[in-house]
2 protein chains.
Amino acid sequence: MAQQPEAGRRAPLNKERVLRAGVALADDSGIESLSMRRLAQELGVVPMALYKHVPNKEQLLDGMADTVVAQIDLSASGSDWKDVVRRRVLSARRVLLRHRWASQVIESRTGPTPAVLEYLDSMIGTFRDGGFSVDLTHHAMHAMGSRLLGFSQELFDDSGSAGPNGGAEALAAMAAKYPRIAELAAGAAHDTASAVGRSCDDQFEFEFALDLLLDGLEKLHQRGWTSTGSGSGA
Amino acid sequence: MAQQPEAGRRAPLNKERVLRAGVALADDSGIESLSMRRLAQELGVVPMALYKHVPNKEQLLDGMADTVVAQIDLSASGSDWKDVVRRRVLSARRVLLRHRWASQVIESRTGPTPAVLEYLDSMIGTFRDGGFSVDLTHHAMHAMGSRLLGFSQELFDDSGSAGPNGGAEALAAMAAKYPRIAELAAGAAHDTASAVGRSCDDQFEFEFALDLLLDGLEKLHQRGWTSTGSGSGA
DNA sequence: ACCTGAACACCGTTCAAGT
DNA sequence: ACCTGAACACCGTTCAAGT
């Protein structure tokens, strides 16, 4: 984790080593503990030395995000655009799950990094090669949104939110206040026969939403939908 | 903007005034310039005074997010679940557009605030009242994702990204490198007759994706879809 | 010419000293 | 008992002094 903290004869620093150490530090200790000073220390180097390879912290984060996005496997190909999109997105998701801090950092970038541009370009190409018009492709990309990159904001996480102050009674109070949420959290399965116990499978939810979007796009495409005339759907 | 900077006789501080000042400061100067010290100064108060009303900065942000989410109009009702969901989500979007910092802050919260819980609860109720099973409602909420709260990560913004160093030639270089993106950015309309010039209408894109999801959910609902058996769609 | 320690202008938060 | 200035342990980044 700490790379050769002995003085002298450290490997010469370069941008790639700085970025890789940043990724490793964020992976291990969380993005909130990534500071220029801490990263320098991790590399056995004086803080100022980093500024030789990276202009400032913001561009360090750009580079780290790029490093992660570049890991997405874009090699999927074939005649079925839906399958190709699906495989790339699921590859993106696997990458982003390995670097939990990355979605937050990607979102906070002001502009897209080169790897993001490359990813978007290849994804647009898949829709176009599948016969989508430029117009529909444009809307499709927006519809996919952050799901394209393998993440989507989860607004709540339905694992037990029992804090330190009281478990059962706090949960009961919440159930009384927000009965619909409690109903969902209670199992999401007491009106189906067999799915009891599966409280929330993130992967399933992700693919459910992904397929909902892909199926909807497929229907629009088959129907020859364009943004002029048909309004907004149905 | 600066509230009574004259010394003496300032209105007594309370939590609500602190939160409102925080929201105003973030609206005016951006979330990155919201610091405890700066906020205190804005209120004509010593930094330590804030800690009487808010335990720390993180909970200040919780409170600010809550203040914003509480502004969403939940009064929409009727027998058409889709219309009700749509109206609430578009109200959420209007609120979030008034407070550009809010989506980022909401995402960065570790747990949902009371106003978010109330919003989610009422939205779940709308699906349930529309006849959705608990199971399908659960997946529907995940599928809507952050779009429920009126925002969705836009991974790129297709307005001209010509930086200070070179306009046209930089753009041409980008077009050569990412031809599919350039094609989309170039107008998104040269294969339709009349929509020339509308480069990207955020509101349209938002509603397009929203309706794609709502239409897909409607079809699943009509079909009596459940998560057991039918796999993941179509 | 290169490198780097000290310094600058900030942070969020603690704590002891003052009233 | 209450309030608050100074202090602590940090930041990112600049810059001048040292080699």
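Proteins get letters first, then strands, A, B, ... in listed order; numbering begins at 1 in each. The structure presented is a predicted model; accordingly, all values stated were derived computationally and were not measured.
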Note to self: Closest-nucleotide mapping onto DNA chain D: is Met48(A) or Ser33(A) further toward the 5' terminus? I mean the 5' end.
What the structure shows: Ser33(A)
Note to self: Tell me the interatomic distance from Lys52(B), atom NZ, to dT4(D), atom P, rounded to whole angstroms.
What the structure shows: 8 Å
Next item on the list: Identify which nucleotide among dT13(D), dT4(D), dG5(C) has an atom closest to any side-chain atom of Tyr51(A), counting heavy atoms from C-beta outward.
Entry: dT13(D)
Next item on the list: Side chain of Met36(A) only, please: which of dT13(D), dT4(D), dC3(C) is the nearest?
Entry: dT13(D)
Note to self: What I want to find out is whether Glu207(B) reaches Arg86(B) closely enough, with some N-O distance under 4.0 Å, to be called a salt bridge.
What the structure shows: yes
Checklist line | Test item: side-chain donor near acceptor, Arg88(B) and Thr126(B), under 3.5 Å | finding: yes
Check: Would one find more than 12 heavy atoms of other residues, nucleotides or ligands at under 6.0 Å from atom CZ of Arg98(A)?
Finding: yes
Item checked: Distance between C1' atoms of dT13(D) and dT13(C) (Å, rounded) -> 23 Å
Check: Got a sec: does the CD of Gln104(A) have more than 12 other heavy atoms crowding it under 6.0 Å?
Finding: no
Checklist line | Distance in angstrom units between Arg37(B) CZ and dC10(C) P, rounded | finding: 10 Å
Checklist line | Any-strand Watson-Crick or G-U partner of dC11(D), both distances under 3.5 Å | finding: none
Check: What is the distance, rounded to the nearest whole Å, between atom CG of Leu34(A) and atom P of dC10(D)?
Finding: 16 Å
Checklist line | Among dG12(C), dT13(D), dG5(C), the one nearest Ser35(B) by side-chain distance | finding: dG12(C)
Checklist line | Inter-nucleotide C1' distance (dC15(C), dC3(D)), Å rounded | finding: 13 Å
Next item on the list: Measure the acute angle between the ring planes of Trp101(B) and His99(B), then classify it against the limits of 30° and 60° as parallel, tilted or perpendicular.
Entry: perpendicular
Margin query: For a quick test of reading the model: is some side-chain N or O of Lys57(B) closer than 4.0 Å to OP1 or OP2 of dT13(C)?
Written below: no
Checklist line | Counter-base of dC3(D), judged by Watson-Crick or G-U geometry with both distances under 3.5 Å | finding: none
Next item on the list: Check the distance between dC11(C)'s C1' and Leu39(B)'s CG and give it to me in whole angstrom.
Entry: 14 Å
Margin query: Output the rounded distance in Å from CD (Gln41(A)) to C1' (dA9(D)).
Written below: 14 Å
Check: Nearest-Å distance, CG (Leu25(B)) to P (dC11(C))?
Finding: 11 Å
Check: How many Å lie between CG on Leu50(B) and P on dC11(C), as a whole number?
Finding: 12 Å
Checklist line | Counter-base of dA17(D), judged by Watson-Crick or G-U geometry with both distances under 3.5 Å | finding: none
Next item on the list: Grab the CD-P distance between Gln59(B) and dG12(C) for me, whole Å please.
Entry: 15 Å
